[in-house]
Amino acid sequence: MSLDVTNYLIGAGARITGAVIGPFTAIAEDAVIEDCEIANSIVMSGTRIAGVGTRIDNSLIGCDVVIEGVSRAPAVIDMVVGDKCRITL
């Protein structure tokens with residue numbers, strides 16, 4: 001895991017592996033972030049983001065969302081995602 005030196009918040013029980021987090025990013029409790037890059041974003045509780053081969057930037061991602069990467073995606077993606085959604089990129 002790599003963290004920007006400042007301006008990030010990681011909630012209790014969040015699990016981050018192989019990811020780059022920050023700056024200006026909040027990861028809520030019990031979120032799982034694996035093998036991706038997130039900046040300038042808020043990820044709500046219970047969300048799982050894994051294997052996304054593009055940078056997630058300027059995004060708001062709701063509770064209990066699953067975002068998985070399986071194909072080539074743009075270099076940067078901005079999104080607003082409501083609760084309990086499933087997205088495959």
Side-chain angles (χ1 to χ4, degrees):
M1 171 177 65
S2 175
L3 295 172
D4 187 276
V5 183
T6 60
N7 302 313
Y8 63 87
L9 175 69
I10 308 294
R15 191 176 82 219
I16 301 172
T17 55
V20 177
I21 306 296
F24 306 108
T25 300
I27 308 295
E29 64 278 355
D30 300 319
V32 176
I33 311 296
E34 300 173 333
D35 303 318
C36 62
E37 182 177 356
I38 303 175
N40 306 304
S41 298
I42 299 171
V43 177
M44 302 301 283
S45 64
T47 289
R48 180 176 184 272
I49 303 173
V52 176
T54 185
R55 178 180 173 150
I56 297 172
D57 200 1
N58 302 315
S59 298
L60 173 60
I61 301 171
C63 299
D64 300 314
V65 170
V66 175
I67 301 175
E68 298 175 320
V70 295
S71 65
R72 183 185 278 185
V76 177
I77 190 166
D78 300 355
M79 61 182 127
V80 176
V81 180
D83 295 345
K84 299 183 181 182
C85 293
R86 182 178 180 98
I87 299 172
T88 303
L89 298 172

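Under the 4.5 Å side-chain heavy-atom criterion for ILVMFWY residues, a single connected hydrophobic cluster contains both Tyr8 and Ile56. Hydrophobic clustering keeps Ile42 apart from Val20 (ILVMFWY residues linked when any side-chain heavy atoms are closer than 4.5 Å, directly or through intermediates). By the rule that hydrophobic residues join a cluster once side-chain heavy atoms approach within less than 4.5 Å of another member, Ile10 and Met44 end up as members of separate clusters. Linking Ile, Leu, Val, Met, Phe, Trp and Tyr residues whenever their side-chain heavy atoms come within less than 4.5 Å places Ile61 and Ile16 in a single cluster.
For the residue pair Asn58 and Ser41, the shortest heavy atom distance occurs at N-OG, 3.4 Å. Here the closest heavy-atom approach between residue Met79 and residue Ser59 is recorded as N-OG, 2.9 Å. When all heavy atoms of Thr54 and Val76 are compared, the closest pair comes out as OG1-N, 3.2 Å. Annotation for Ala28 and Ser45: closest pair CB-N, 3.3 Å, computed over non-hydrogen atoms. Annotation for Ala39 and Gly22: closest pair CB-O, 3.5 Å, computed over non-hydrogen atoms.
The only member of Ile77, Val52, Thr88 that meets side chain to side chain contact (heavy atoms under 4.5 Å, CB included) when paired with Ile67 is Val52.
Listed for the Asp83 side chain is a donor-acceptor partner under 3.5 Å among the backbone atoms of Cys63.
Note that CZ of Arg15 and CZ of Arg48 are 7.5 Å apart. Values are rounded to the nearest 0.5 Å.
Between Val81 and Thr47 there is no side-chain heavy-atom pair separated by less than 4.5 Å. For the pair Asp57 and Asn40, the minimum side-chain heavy-atom distance is below 4.5 Å.
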